[in-house]
Structures are given as C-alpha cells and as structure tokens.
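Since the structure comes first, as structure tokens, the remarks are kept for the end.
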Protein chains: 2
Amino acid sequence: MTHPLDATFAALADPTRRMILSMLLEDDMAVTDVAAPFEMSLAAISKHLHVLAEAGLISQEKRGRVKWCKLEPDALREASVWMQGFGQFEPVNLDAFERFLVMELTSPDTDP
Amino acid sequence: MTHPLDATFAALADPTRRMILSMLLEDDMAVTDVAAPFEMSLAAISKHLHVLAEAGLISQEKRGRVKWCKLEPDALREASVWMQGFGQFEPVNLDAFERFLVMELTSPDTDP
DNA sequence: GCGATCGTCAACCAGATGGTTGAATATGGG
DNA sequence: CCCATATTCAACCATCTGGTTGACGATCGC
C-alpha cells in the first residue's frame with residue numbers, strides 16, 4: 001500500500017474508525033475515553049487509532065500518562081479533491097453531513 | 001461490512017480500482033478494454049469491477065458478448081458529503097483534481 | 001456448426017486485517 | 001514505595017483480500 005490515498009480510504013472504510021473521527025470532531029480525547037463507548041477491547045481501539053494516525057487523519061500527543069488524540073482534517077483534502085472530480089460539484093451541504101452523522105451514530109457500530 | 005460507506009471507501013482504497021474509475025471518466029468501456037493497460041489477469045480485473053459494481057460506483061450492462069462498464073458518480077455523493085463535514089475545504093478545485101489524476105496515472109499502479 | 005473472443009467461476013495461495021488475551025511499560029497519587 | 005491508571009506490545013486466531021491458473025458458458029463471424 002504505497003499511495004497515500006490507499007491509506008486514507010482504507011482507514012475510512014471501517015465504521016469504528018469513522019465513528020472515532022466523528023467523536024474527535026467534538027474535541028480532542030484520550031485513548032481510554034475514545035474506547036469507552038465501544039464494546040471491543042482497549043487494545044483494538046489502540047490499533048484503530050494507530051491506523052488513523054498512520055493515514056494522517058489524526059495526530060497523537062502524549063502528555064504524562066495520557067495520549068491525546070486530535071483530528072487532522074487536512075488529511076482528507078487530497079481524498080476529497082480526488083472524489084469531487086467524479087461528480088457534479090454541488091455546494092458543500094453541512095445539513096446533509098449532520099444527517100449522515102446521526103445515521104452513523106444511531107446505527108449499530110459493532111454488532112447488533 | 002454492512003454500512004454502504006464501508007463498501008464505498010473500501011472500493012476506493014485500491015489503486016487499481018481508482019485507476020479504473022479514472023479511465024471510466026473518459027467513456028464507458030468493455031471489461032477487456034478496461035483490463036488492457038494493467039499487467040494483471042483479466043479475472044483479477046473482473047473481480048475489481050465486481051467490487052466497484054457492488055459499491056455502486058459503476059454499473060455493468062451486457063450487450064451481446066460485451067459487458068459495458070459505466071461510471072456511476074452519484075455513489076460518491078454520500079461519501080463526499082461525509083468527508084466534507086470534517087473540514088472547511090476550499091471550493092472544489094478542478095485543477096487540483098487534474099494534478100491528482102496525473103499523479104495516479106504516472107505512478108506505477110501494479111508493481112514497480 | 002466451428003473456432004475465436006468475451007467474461008466469469010472455482011479452487012487455490014500468500015499476506016493483510018480486525019479482533020482477542022495476557023504480559024509489559026510508563027506515569028501519577030498518596 | 002506501592003498501587004492504580006493509561007497505553008502498548010506480542011502472540012495468536014479467523015476471516016477478508018488480491019492475485020493466480022484452468023475450466024467453463026455465451027456469443028459473434030464466417
């Protein structure tokens with residue numbers, strides 16, 4: 001997996017990771033707090049965060065015991081630009097985004 | 001893999017598949033013609049096209065012996081909307097898109 | 001009808017992915 | 001110093017992925 005877009009899209013292909021990104025939209029979070037709402041182990045979430053960090057979608061900074069996770073929205077720009085080339089570029093619609101976020105957050109993320 | 005966005009992003013995570021989409025931007029193509037520029041087998045390309053079709057990114061219509069592949073850019077809209085929520089991205093820049101396409105097309109897609 | 005062309009299917013393989021558990025490494029608090 | 005907290009590491013496992021090859025079913029041209 002050499003092209004940066006490979007890593008970006010692969011990272012976005014997992015619902016747990018997309019959920020994490022949505023959570024980080026609100027505010028920076030510690031790893032443990034990121035993991036709290038999920039049913040999987042902390043180690044699994046740690047791996048997911050590693051994937052997101054490798055893709056440049058988040059950054060992580062350790063302060064004391066706590067590793068803080070921060071959204072890096074710039075990493076989405078290349079992917080966004082790539083995708084936009086394929087459609088009729090309607091203006092960005094944040095209301096639609098809110099709807100999708102709600103859909104994501106209300107749909108079962110782990111296993112029903 | 002249940003959420004539609006899973007399939008969309010997973011399909012986009014492969015450079016061969018992104019290349020195919022770029023090719024279909026130009027015009028509809030038969031499976032054999034899609035496969036021509038790649039070094040992998042026809043069966044492999046057939047699988048890639050299946051993945052793209054499952055994700056709704058292309059449609060396929062068989063006319064006679066030939067199966068025509070058509071880009072379905074609408075399928076990118078949900079993914080695009082989802083992504084756009086993460087940043088204030090500058091207005092869509094088609095020149096930038098061209099640059100990325102060129103990068104994709106000039107960078108080795110199979111194995112250097 | 002026959003042979004060539006178009007495309008998929010099936011079986012197989014190596015390697016990546018997503019999860020688990022248990023041990024290990026810091027760091028902070030009292 | 002000791003214990004609890006925060007996070008990762010290592011080993012392991014099942015499943016998915018992306019590729020191969022060879023056989024197969026359709027369809028076209030003649």
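Just so you know, these numbers come straight off a predicted model, no measurement behind them. Here is how names work: the chains are called A, B, and so on, in the same order as the sequence lines, proteins then strands, and each is numbered from 1.
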Taking all heavy atoms of B:Ala55 and all of B:Ala7, pick out the closest pair and write down the distance.
CB-O, 3.7 Å
Round to a whole Å and report the spacing from CG of A:Asp28 to C1' of D:dA6.
17 Å
Expressed as a whole number of angstroms, how long is the span from B:Leu49:CG to D:dT17:P?
16 Å
Tabulated below should be each protein N or O lying under 3.5 Å from an N or O of nucleotides 3-6 of chain C; please produce it.
residue	atom	partner	partner atom	Å
C:dT5	O4'	B:Arg65	NH1	3.4
C:dT5	O2	B:Arg65	NH1	3.0
C:dC6	O3'	B:Arg65	O	3.4

Table of protein N/O atoms under 3.5 Å from nucleotides 9-12 of chain C N/O atoms:
none

Using the test side-chain contact (heavy atoms from CB on, under 4.5 Å), find all partners of A:Ala75 that sit at least two apart in sequence or belong to another chain.
A:Leu57
Determine: side-chain N/O of B:Ser46 to OP1/OP2 of C:dG7, distance under 4.0 Å, yes or no.
no
Closest listed nucleotide, where the reference is the side chain of A:Thr16 and the choices are C:dG19, C:dG18, D:dG19
C:dG19
Using whole Å, report how far CH2 of A:Trp68 lies from C1' of D:dT5.
14 Å
Spacing of B:Lys62 atom NZ relative to D:dC28 atom C1', expressed in whole Å:
12 Å
Ring-plane angle category for A:Phe9 and A:Trp82, please: parallel below 30°, perpendicular beyond 60°, tilted otherwise.
perpendicular
Roughly how bent is the helix from C:dG7-D:dC24 to C:dG30-D:dC1 end to end, in steps of 10 degrees, with each end axis from five pairs?
30°
Check side-chain contact (heavy atoms from CB on, under 4.5 Å) between A:Gln60 and all other residues, then give those that pass, not counting sequence neighbours.
A:Val31, A:Leu49, A:Ala53, A:Ile58, A:Lys67, A:Cys69
Here the distance between atom C1' of D:dG19 and atom CD of B:Glu39, to the nearest Å, is 13 Å
What's the CZ-C1' distance between A:Phe38 and D:dT7, to the nearest Å?
17 Å
Residues two or more places apart in sequence or in another chain: which of them pass side-chain contact (heavy atoms from CB on, under 4.5 Å) with A:Lys47?
none
List the steps and the verdict of side-chain contact (heavy atoms from CB on, under 4.5 Å) for B:Glu78 and B:Thr8.
CA-CA 9 Å; B:Glu78 291 196 10; B:Thr8 307; over 6 Å; no
Rounded to the nearest angstrom, tell me the gap between atom CG in B:Asp14 and atom P in C:dG15.
18 Å
Touch check for A:Arg63, heavy atoms < 4.0 angstrom, all strands: base, sugar-phosphate only, or nothing?
nothing
Check whether B:Arg18 reaches the backbone of B:Leu12 with its side chain - one donor and one acceptor, N or O, closer than 3.5 Å.
yes
Taking salt bridge (charged side-chain N to carboxylate O under 4.0 Å, His left out) as the test, write out the residues that go with B:Glu26, two or more places apart.
none
Residue pair A:Lys70, A:Leu24: steps toward the side-chain contact (heavy atoms from CB on, under 4.5 Å) verdict:
CA-CA 7 Å; A:Lys70 185 179 187 311; A:Leu24 292 178; over 6 Å; no
List, by chain and number, the other hydrophobic cluster members for B:Trp68, where Ile, Leu, Val, Met, Phe, Trp and Tyr join if side-chain heavy atoms come within less than 4.5 Å, directly or indirectly.
B:Val66
Residues forming a side-chain contact (heavy atoms from CB on, under 4.5 Å) with A:Thr32, sequence neighbours excluded
none
DNA chain C nearest-nucleotide lookup for B:Asp33 and A:Gly64: closer to the 5′ end is B:Asp33
It should be established whether A:Ser41 places a side-chain nitrogen or oxygen under 4.0 Å from OP1 or OP2 of nucleotide C:dG19.
no
In whole angstroms, the gap separating C1' of D:dG18 from CE of B:Met19 amounts to 16 Å
Apply side-chain contact (heavy atoms from CB on, under 4.5 Å) to the pair B:Phe38 and B:Met19, showing each step before the final yes or no.
CA-CA 10 Å; B:Phe38 297 96; B:Met19 178 88 75; 3.5 Å; yes
